[in-house]
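Residues take their numbers from the sequence shown, with the count starting at 1. Computed over heavy atoms, backbone and side chain alike; hydrogens, waters and symmetry mates excluded. Being a predicted model, the structure only gives us computed values, none of them experimental.
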Amino acid sequence: MAYIAVLGHGVVGSGVLEVLTTHTESLKKRAKEELIVKHILDLRDFPDLPYSDIFTKDFNKILNDPEVQIVVEVMGGLHPAYDYVKACLENGKSVVTSNKELVASKGAELLRIAQDNNLSFMFEASVGGGIPIIRPISQCLAANEVSEIAGILNGTTNFILTKMIREQMNFGDALALAQQLGYAERDPSADVEGHDACRKICILASLAFGTHIYPDSVHTEGITKISLEDVDYADVWGGVIKLIGSVKMLENGQVHIMVCPMLVHRGSQLASVDDVFNGIMVRGDATGDVVFYGKGAGKLPTASAVVADVIDCVKHFKTRKYLFWEDSKENYVADFGSMETEAYVHVAGETGDAAFTAAQALFPNAKRLLPKQPVDGEAGFTVSGLTEAALKEKLVALDERGVRVLNCIRISDY
Ligand code: HSE
């Protein structure tokens, strides 16, 4: 028998209990042991649940229970999750987590503690919800040199953008719906400002390239400025707007990593990843492009990944499951401003023509886009062949010439 404790009984925690209690027999066959949840930590009471008697508010009860060998952390947030997970690993308990904030900011340290104590620290559910991606990168693609990863990593923003593109729904209504469906973070600004996607691309990059990348070193933009006019411009350009997290290994050993909304060509596999689905492209030297697709958020998809890790943990009690990366190093992340870029720019002036003429003086190669539903005084165009720093400088100059920059969205080459 393998005894488990679950920290947190929110959306994912209750899903984990549901999977464990409804698949008991098949899980027992796969793990070759019966999986028994002995404690659930939550500050709230759940008197109506059939397993209400195993709830506790006291973390030490779990920490000091020698029968508990696996702790599932699905509380989310950094504190107290970090302190609890660290204490568990230091006290001989393997940990499975879905907490991307924890893995992205403390992964190197926690992996080191797990290694020193010959325990497993696993986090398949932290990226891509129910999509297998951590295991494929660390095991199935292990024979490859991965050069690049790019993906739609946040279900909530993809759901919102899909509603804007397909149904012309406004941002607020689409966000409320995503929250209602249990996709969004407790604080949805982590979704819409790009921080959740940032944590996920940091985890994938750390795993693929072996060196921790901290979220605060990543250029991150969200989707809050995207308007239905931008959606229209993207359409006439030939694609859709997606929030993309990407990382690329450069020849000099630095990585170019960013999270931002991007125009993605209709023909790209990522363009047809809609609703709450995630799509992740991994470029390997032997495999070429491999794309992973599935539900990136939600109770049961995420719980499925958590429980799969629990099974793996049980099977590896005596031989630690190997996941590891080194801590970060100086100058590992390339200077964002020096990266070459291509972008769509949306501006407003006295007239659309005047705004575009002013833009042409700064961007001689600007190509104008003509939307299906033009708005008086606005213009949209694409620019290429310049660095991020030069683009930023020219947008400031444009503003100084009386042309308001409403948005600037990068163009992807995926
Ligand atoms: N808020 C996250 C998302 C949940 O929408 O993708 C899954 O990590």
Side-chain angles (χ1 to χ4, degrees), residues 7-8 10 12-13 59 71-90 93-117 119-129 133-134 137-138 149 151 153-154 156-157 184-222 243 245-247 255 257-260 280 296-297 302 305-306 309 323-334 336:
L7 311 183
V12 182
F59 169 68
V71 174
V72 172
E73 185 278 305
V74 282
M75 313 169 75
L78 206 48
H79 296 289
Y82 164 64
D83 313 272
Y84 289 176
V85 167
K86 192 173 167 186
C88 288
L89 292 171
E90 286 171 341
K93 301 179 194 309
S94 287
V95 174
V96 170
T97 184
S98 61
N99 187 336
K100 43 261 147 131
E101 191 174 356
L102 176 70
V103 182
S105 33
K106 302 288 182 185
E109 182 192 350
L110 296 171
L111 283 166
R112 165 79 55 202
I113 299 173
Q115 186 183 44
D116 291 347
N117 291 282
L119 295 163
S120 298
F121 175 56
M122 301 179 73
F123 40 87
E124 182 64 67
S126 66
V127 182
I133 183 69
I134 300 293
I137 289 183
S138 61
I149 301 175
L153 298 166
N154 181 269
T156 302
T157 46
E185 296 300 299
R186 254 183 310 187
D187 172 6
S189 66
D191 295 299
V192 298
E193 300 292 356
H195 303 304
D196 178 75
C198 175
R199 290 164 189 151
K200 290 168 178 167
I201 194 68
C202 285
I203 296 170
L204 296 182
S206 304
L207 192 63
F209 302 129
T211 300
H212 196 119
I213 298 177
Y214 288 96
D216 58 8
S217 61
V218 178
H219 178 90
T220 302
E221 294 175 26
L243 183 68
S246 68
V247 61
V255 287
I257 180 164
M258 64 181 185
V259 173
C260 48
I280 305 160
T302 312
V306 170
D309 272 354
L323 278 175
F324 195 73
W325 59 69
E326 299 286 345
D327 206 347
S328 192
K329 52 191 183 201
E330 229 176 294
N331 295 324
Y332 179 55
V333 174
F336 184 72

Could you report the tightest heavy-atom contact between Leu323 and Leu207, atom names first, then the distance? CD2-CD1, 3.8 Å
His219: side chain to side chain donor-acceptor pair (under 3.5 Å) partners, not counting sequence neighbours: Glu221
Chi angles and distances behind the side chain to side chain contact (heavy atoms under 4.5 Å, CB included) call for Ile201, Ile257: CA-CA 8 Å; Ile201 194 68; Ile257 180 164; 4.0 Å; yes
Just wondering, do Ile203 and Ile134 contact through their side chains at under 4.5 Å, heavy atoms? yes
Residues which pass side chain to side chain donor-acceptor pair (under 3.5 Å) with Tyr214, listed by chain and number, not counting sequence neighbours: Asp327
Output the distance between atom OG (Ser246) and atom CE (Met258), rounded to the nearest 0.5 Å. 4.0 Å
Side chain to side chain donor-acceptor pair (under 3.5 Å) with Glu124: which residues, sequence neighbours excluded? Arg135
Do you know the tightest heavy-atom contact between Gly76 and Ala81? O-CB, 4.2 Å
Qualifying salt bridge (Lys or Arg N to Asp or Glu O under 4.0 Å) pairs, either residue in residues 74-83, two or more places apart: none
Just jot down the side chain to side chain contact (heavy atoms under 4.5 Å, CB included) partners of Ser206, sequence neighbours excluded, or say none. His212, Ile213, Trp325
When every non-hydrogen atom of Gly77 is compared with those of Asn99, the smallest separation belongs to O-ND2, 2.7 Å
Can you find a heavy atom in the side chain of Glu193 that is under 4.5 Å from one in the side chain of Cys198? no
Check: Ala184 main-chain N/O paired with Asp191 side-chain donor or acceptor under 3.5 Å: no
Quick one: are Ile113 and Glu90 in side-chain contact, heavy atoms under 4.5 Å? yes
Could you work out, with side chain to side chain contact (heavy atoms under 4.5 Å, CB included) as the rule, every residue matching Ala297, not counting sequence neighbours? Tyr183, Val276
Going through the checks in order, is the side chain to side chain contact (heavy atoms under 4.5 Å, CB included) test met by Val72 and Leu7? CA-CA 6 Å; Val72 172; Leu7 311 183; over 6 Å; no
Give me the atom names and distance for the closest heavy-atom approach of Gly245 to Val259. CA-CG2, 4.1 Å
Would you please name every residue forming a ring pair (Phe, Tyr, Trp, His ring centres under 6.0 Å) with Tyr332, sequence neighbours left out? none
Leu204 side chain near Ile280 side chain, heavy-atom distance below 4.5 Å: yes
For residues 97-114, the salt bridge (Lys or Arg N to Asp or Glu O under 4.0 Å) pairs (sequence neighbours left out) are Lys86-Glu109, Lys100-Glu185, Lys100-Asp196, Glu101-Arg199, Arg112-Glu326
Applying side chain to side chain contact (heavy atoms under 4.5 Å, CB included) to Phe121 and Thr97, what does each step give before you reach the verdict? CA-CA 8 Å; Phe121 175 56; Thr97 184; 3.8 Å; yes
Taking atom CE of Met122 and atom OG of Ser138, what is their separation to the nearest 0.5 Å? 8.0 Å
Looking only at heavy atoms, which two atoms of Cys88 and Val95 are closest? And how far apart? CB-CG2, 3.8 Å
Rounded to the nearest 0.5 Å, what separates atom NE2 in His195 from atom OG1 in Thr220? 7.0 Å
Between Tyr82 and Tyr84, is the gap from one ring center to the other below 6.0 Å? no
Residue pair Glu73, Leu102: steps toward the side chain to side chain contact (heavy atoms under 4.5 Å, CB included) verdict: CA-CA 10 Å; Glu73 185 278 305; Leu102 176 70; 3.7 Å; yes
How close do Ala197 and Leu153 get, counting heavy atoms only, and between which atoms? O-CD1, 3.8 Å
If the condition is side chain to side chain donor-acceptor pair (under 3.5 Å), which residues does Ser189 pass it with, not counting sequence neighbours? Asp187
So, using side chain to side chain contact (heavy atoms under 4.5 Å, CB included) as the criterion, who are the partners of Thr302 when residues are at least two apart? Val12, Ser98, Ala125
I'd like to know if the side chain of Ser217 reaches the main chain of Pro215, judged simply by a donor and an acceptor atom lying under 3.5 Å from each other, with no hydrogens or angles considered. no
